[in-house]
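One structure is given below, represented as structure tokens, and several questions about it will come after.
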Amino acid sequence: MAIVSPHFCAPYPIELGIVRKVMTITDGNFAVTDANGNLLFKVKEPLFSLSDKRILLDASDNPILTLRENKVSLHDRWQVFRGKSTDQSDLVYTLKRSSMIQIMKPKLDIFLAQNKEMKICDFHVKGSWIDRSCVVYAGKSDAIVAQMHKKHTAQSILIGKSNFSVTVYPNVDFAFIVSLIVILDDINREDSED
């Protein structure tokens, strides 16, 4: 199911390695690799900026998606757009918490751009971000489309990196899944600061 592009879908499971640098002074703190360690994506985050945008870039620095948080929403609402755009005509999906009060385990609903009424979600996320055990499901079903796994090592903790992997199921858009992981990370960081 191509959400971003058929280019990001494979007829077999894809194992992605996610490295999040905890302390960084550069403008990117996420690196996403394939099982062979080849860089697939990175995330450009604002440094000392009031902007609530993140840009998902491919390995050649081409903008794939822009992730923008709506700060005036009570449900942690995010909108994701194609390329560097924030125009509604380029909207790919909207993500929001299922309810305002959630402790430790996020429950997020994802609505694709064509789902304008947003009554029934197209995807949902459940699990524990702290344990890196979040699962992405299709619609309100139990059909798994991606699953996160923790990969902490003593070295990764000492050098300020958080490592985990994500298994993206066959024919699921892995750029879409990576964008969800970036948003989940941001929501978790905000929750831990509250």
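Computation of the quantities below employed the complete heavy-atom set of this structure, encompassing side-chain atoms and omitting hydrogens, waters and symmetry-equivalent molecules.
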Item to check | Donor-acceptor contact present, side-chain Arg97 to main-chain Arg77, <3.5 Å | outcome: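 Flag not set: sc Arg97 to bb Arg77 has no pair under 3.5 Å.
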Checklist entry - With Asn115, which residues qualify under side chain to side chain donor-acceptor pair (under 3.5 Å), at least two apart? => result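 Per chain and number, Asn115 pairs via side chain to side chain donor-acceptor pair (under 3.5 Å) with Asp122.
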Tabulate below the donor-acceptor pairs under 3.5 Å that side-chain atoms of residues 7-18 make, not counting sequence neighbours, or state none.
from	atom 1	to	atom 2	distance (Å)
Glu15	OE1	Thr167	OG1	2.7
Glu15	OE2	Ser165	OG	3.2
Glu15	OE2	Thr167	OG1	3.3

Next on the checklist: Whether the side chain of Asp173 engages the backbone of Ala2 through a donor-acceptor N/O pair (distance < 3.5 Å, no angle test) should be reported.
Outcome noted: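 Such a contact is absent between Asp173 side chain and Ala2 backbone.
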Next on the checklist: Run the side chain to side chain donor-acceptor pair (under 3.5 Å) test against Arg68 and tell me which residues pass, sequence neighbours left out.
Outcome noted: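 Arg68 satisfies side chain to side chain donor-acceptor pair (under 3.5 Å) with Gln79 once adjacent residues are dropped.
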Item to check | Arg82 CZ to Ser5 OG distance, which is reported to the nearest 0.5 Å | outcome: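 Rounded to the nearest 0.5 Å, the CZ-OG separation comes to 8.0 Å.
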Item to check | Qualifying residues under ring-ring contact (aromatic ring centres under 6.0 Å, His included), relative to Tyr93, sequence neighbours excluded | outcome: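 ring-ring contact (aromatic ring centres under 6.0 Å, His included) list for Tyr93, sorted by chain: Phe176.
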Checklist entry - Is Leu91 isolated, or which residues cluster with it under the ILVMFWY side-chain rule of less than 4.5 Å, directly or via members? => result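 Members other than Leu91 - counting any ILVMFWY side chain reachable under 4.5 Å - are Phe81.
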Next on the checklist: Using side chain to side chain contact (heavy atoms under 4.5 Å, CB included), reason through Ile3 and Ile177 one step at a time and then give a plain yes or no.
Outcome noted: CA-CA 10 Å; Ile3 309 292; Ile177 298 300; over 6 Å; no
Next on the checklist: Set out, in order, the CA-CA distance, both residues' side-chain angles and the distance that settles side chain to side chain contact (heavy atoms under 4.5 Å, CB included) for Glu69 and Asp186, then state yes or no.
Outcome noted: CA-CA 10 Å; Glu69 182 179 12; Asp186 197 273; 3.9 Å; yes
Checklist entry - If you look at every heavy atom in Val178 and Phe41, which pair is closest and at what distance? => result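 Val178 and Phe41 have their closest heavy atoms at CG2-CD1, 4.0 Å.
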Next on the checklist: Applying side chain to side chain contact (heavy atoms under 4.5 Å, CB included), can you list everything that pairs with Ser89, at least two apart in sequence or on another chain?
Outcome noted: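 Expected list: Asp87.
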Checklist entry - Mind checking what makes side chain to side chain donor-acceptor pair (under 3.5 Å) contact with Ser85, not counting sequence neighbours? => result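 Asp90.
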Next on the checklist: Which heavy atom of Leu56 sits nearest to which heavy atom of Val43, and what is that distance?
Outcome noted: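 Answer, listing the atom of Leu56 first, then Val43: CD1-CG2, 4.0 Å.
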Checklist entry - Residues sharing Ile120's hydrophobic cluster, by side-chain heavy-atom contacts under 4.5 Å among ILVMFWY, directly or via others? => result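 Ile120 shares its hydrophobic cluster with no other residue.
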List the atom pairs, with distances to 0.1 Å, where a side-chain N or O of residues 135-148 and a protein N or O form a donor-acceptor pair under 3.5 Å, not counting sequence neighbours.
from	atom 1	to	atom 2	distance (Å)
Lys140	NZ	Asp109	OD1	3.4
Ser141	OG	Ala138	O	2.6
Ser141	OG	Ala143	N	3.1
Gln147	OE1	Tyr169	OH	3.3

Item to check | CA sep, side-chain torsions, deciding dist, call: Thr94, Met118, side chain to side chain contact (heavy atoms under 4.5 Å, CB included) | outcome: CA-CA 9 Å; Thr94 300; Met118 293 200 278; 4.2 Å; yes
Checklist entry - Looking at residues at least two apart in the chain, or sitting in another chain, which of them share a salt bridge (charged side-chain N to carboxylate O under 4.0 Å, His left out) with Lys116? => result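 In terms of salt bridge (charged side-chain N to carboxylate O under 4.0 Å, His left out), with neighbours along the sequence ignored, Lys116 is linked to no residue.
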Next on the checklist: On a heavy-atom basis, which atom in Lys119 and which in Phe111 lie closest, and how many Å separate them?
Outcome noted: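 Taking every non-hydrogen atom into account, N-CE2, 4.2 Å.
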Next on the checklist: Measuring from atom NZ of Lys84 to atom NZ of Lys44, what distance do you get when rounded to the nearest 0.5 angstrom?
Outcome noted: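 Taking NZ in Lys84 and NZ in Lys44, the distance rounds to 5.5 Å.
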Checklist entry - Atom SG of Cys121 and atom CG of Leu108: how far apart are they, to the nearest 0.5 Å? => result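 Here the rounded value is 10.0 Å.
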Next on the checklist: If hydrophobic clusters are built by linking Ile, Leu, Val, Met, Phe, Trp and Tyr wherever their side-chain heavy atoms come under 4.5 Å apart, do Val166 and Met1 end up in the same one?
Outcome noted: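 Same cluster: Val166 reaches Met1 through Ile, Leu, Val, Met, Phe, Trp or Tyr contacts under 4.5 Å.
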Checklist entry - Does Leu57 share a hydrophobic cluster with Leu180, counting links as ILVMFWY side-chain heavy atoms below 4.5 Å and allowing steps through other members? => result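 Not linked; separate clusters.
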Next on the checklist: Quick one, Val125 with Ile110, criterion side chain to side chain contact (heavy atoms under 4.5 Å, CB included). Give me CA distance, side-chain angles, the key distance, then yes/no.
Outcome noted: CA-CA 8 Å; Val125 180; Ile110 296 98; 3.7 Å; yes
Next on the checklist: I need the full list of salt bridge (charged side-chain N to carboxylate O under 4.0 Å, His left out) pairs touching residues 30-43, with sequence neighbours left out, sorted by first then second residue.
Outcome noted: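 Every salt bridge (charged side-chain N to carboxylate O under 4.0 Å, His left out) pair that includes a residue of residues 30-43, provided the two are not neighbours, is Lys42-Asp61.
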Item to check | Reported CG-to-CH2 distance for the pair Leu95 and Trp78, which is rounded to 0.5 angstrom | outcome: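 Taking CG in Leu95 and CH2 in Trp78, the distance rounds to 9.0 Å.
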Checklist entry - Hey, does Leu65 have a side-chain heavy atom less than 4.5 Å from the side chain of Ile55? => result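 No, side chains not in contact.
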Checklist entry - Got a sec, which residues hit side chain to side chain donor-acceptor pair (under 3.5 Å) with Asn36, two or more places apart in sequence or on another chain? => result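 Per chain and number, Asn36 pairs via side chain to side chain donor-acceptor pair (under 3.5 Å) with no residue.
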